[in-house]
Amino acid sequence: MYQEERLVAIMRYLKEHQRMSVQEICERFGVSRDTARRDLVKLSEQNAIIRTRGGAVLPVVQKEIESYKERLDLKSEVKSRIGAEAARHIKQGDLVLMDTSTTVQHAAQALQAEEVTVVTNSIDIADILSTKERVTVHLLGGVFHAHSRYLYGVGTVKKLQEYHVDKCFMGGGGVAEDGIYFPSEDDGQVVRQMIAQAEQVIVLVDRTKFNKKLFFKVCALERIDVLIADDVPEEWQERLAQAEVEVIRVMPGVRS
């Protein structure tokens, strides 16, 4: 069970029982205490719960929790569709880079092609791909980001310079008129180097990422070859066409 699925299940449990301990999360979902705490941190950051000593309780405003659950369900579904479409762009024998995006994680999960080599700095993506017999995984070294479970730093960027791949699959924290932005320079520097090592750059985003300029610019729009999204705002279609970006839309409610 992936984190997003656990978060939904935790919210359902809290709605019924009002309180849940870290130990109960461990026992119910078969995860470590560190993983259970990370789940609670994630929900707390979304204002869906109030963390207590050893667990969590619901906020006073129940309506906010139900709204969060709906958003979480929708976001997971959208990412799954985008990821499945991205996976179809990976062909037998491809050499691929994958960043730490949760949408790219869905692409890894949906991967069907064989004899594929994937280089990634994501612990979770490496774990997913380890179950696929005809996929070779190279996990980049570096400094471990415990909360987001990825590796970064000078060593990671330097190691990336040794690779040359067919395709780079990346998320995008924000899509602005002048390029793709990430909230963190640590993660962004690694993705910038991934782009430099790839023949083709494929960006996976949902419609909420447009018109967002975050802290660190990773690349210009012109560096993107393909953008896969659930929907693209009308005013963005001409901008992307001018940047010669191929746009693939995976509309909600339509099985691709």
Side-chain angles (χ1 to χ4, degrees), residues 1-84 86-87 98-110 120-131 144-150 170-174 182-184 187 204-209 212 214 229-230 250 252-253:
M1 178 180 287
Y2 294 108
Q3 186 186 45
E4 290 183 345
E5 296 172 314
R6 284 199 309 276
L7 299 187
V8 172
I10 289 169
M11 294 306 300
R12 286 175 180 153
Y13 184 94
L14 282 168
K15 186 176 179 181
E16 183 176 351
H17 301 279
Q18 285 74 54
R19 181 180 297 273
M20 191 173 198
S21 69
V22 169
Q23 186 60 37
E24 286 171 327
I25 295 172
C26 294
E27 293 173 357
R28 180 171 286 266
F29 304 112
V31 297
S32 68
R33 293 183 72 84
D34 284 343
T35 297
R37 290 191 188 99
R38 282 196 294 269
D39 288 348
L40 295 182
V41 167
K42 185 76 170 178
L43 289 169
S44 178
E45 288 173 349
Q46 298 288 338
N47 297 318
I49 64 166
I50 295 173
R51 294 186 68 192
T52 63
R53 186 176 179 83
V57 296
L58 289 177
V60 176
V61 185
Q62 180 65 32
K63 194 171 187 180
E64 181 179 347
I65 299 155
E66 293 172 351
S67 175
Y68 171 79
K69 178 186 174 302
E70 291 170 2
R71 293 197 306 271
L72 193 60
D73 285 338
L74 175 61
K75 195 169 185 181
S76 181
E77 171 69 11
V78 167
K79 287 183 176 183
S80 178
R81 292 181 186 280
I82 295 170
M98 289 186 168
D99 82 347
T100 62
S101 157
T102 54
T103 311
V104 175
Q105 184 173 313
H106 280 285
Q109 187 176 359
T120 185
N121 64 324
S122 166
I123 300 294
D124 291 326
I125 287 177
D127 184 49
I128 290 167
L129 294 175
S130 70
T131 65
F144 179 54
H145 192 293
H147 177 66
S148 299
R149 292 171 57 79
Y150 66 74
M170 57 177 278
F182 274 47
S184 164
D187 194 15
L204 316 183
V205 293
D206 63 72
R207 60 187 178 275
T208 66
K209 303 299 175 61
K212 288 177 68 175
L214 303 177
D230 56 325
V250 184

*For Lys42 and Asp39, what are the C-alpha separation, side-chain angles and deciding distance, and is it a salt bridge (charged side-chain N to carboxylate O under 4.0 Å, His left out)?*
CA-CA 5 Å; Lys42 185 76 170 178; Asp39 288 348; over 6 Å; no
Within the structure provided, determine whether [X] and [Y] are in side-chain contact (heavy-atom separation under 4.5 Å).
| X | Y | answer |
| --- | --- | --- |
| Thr100 | Ile125 | no |
| Phe182 | Asp99 | yes |
| His106 | Ile82 | no |
| Val41 | Glu45 | yes |
| Ile49 | Met20 | no |
| Gln18 | Tyr13 | no |
| Met11 | Leu58 | yes |
| Tyr150 | Asp187 | yes |

Compare every heavy atom of [Y] with every heavy atom of [X], then report the nearest pair and how far apart it is.
| X | Y | answer |
| --- | --- | --- |
| Ala108 | Met98 | CB-SD, 3.9 Å |
| Pro183 | Gly173 | CD-CA, 4.5 Å |
| Thr52 | Arg19 | OG1-NH1, 4.2 Å |
| Ala107 | Ala86 | CB-CB, 4.0 Å |

How many angstroms lie between [atom1] in [X] and [atom2] in [Y], if you round to the nearest 0.5 Å?
| X | Y | atom1 | atom2 | answer |
| --- | --- | --- | --- | --- |
| Gln109 | Gln105 | CD | CD | 7.5 Å |
| Ile123 | Ser148 | CD1 | OG | 11.5 Å |
| Ile128 | Ser122 | CD1 | OG | 7.0 Å |
| Leu204 | Ser101 | CG | OG | 6.0 Å |

_Using only atom types and a distance under 3.5 Å, with no angle test, would you say the side chain of Ser21 pairs donor to acceptor with the backbone of Glu24?_
yes
*So, Asp230 side chain and Val78 main chain: donor-acceptor pair closer than 3.5 Å or not?*
no
_Ion pair Glu77/Arg81, N-O distance below 4.0 Å_ = yes
*Presence of salt bridge, Lys79 and Glu4, under 4.0 angstrom*: yes
*Would you tell me whether Glu27 and Gln23 have side-chain atoms, one donor and one acceptor, within less than 3.5 Å of each other?*
yes
*Regarding Thr103 and Asp206, is there a side-chain donor-to-acceptor distance under 3.5 Å anywhere?*
no
*So Leu40 and Ile25, side chain to side chain contact (heavy atoms under 4.5 Å, CB included) or not? Walk me through it.*
CA-CA 10 Å; Leu40 295 182; Ile25 295 172; 3.6 Å; yes
*Determine, step by step, whether Gln3 and Arg38 satisfy the side chain to side chain donor-acceptor pair (under 3.5 Å) criterion, reporting the C-alpha distance in whole Å, the side-chain angles of both residues, the deciding distance to 0.1 Å, and the verdict.*
CA-CA 9 Å; Gln3 186 186 45; Arg38 282 196 294 269; over 6 Å; no
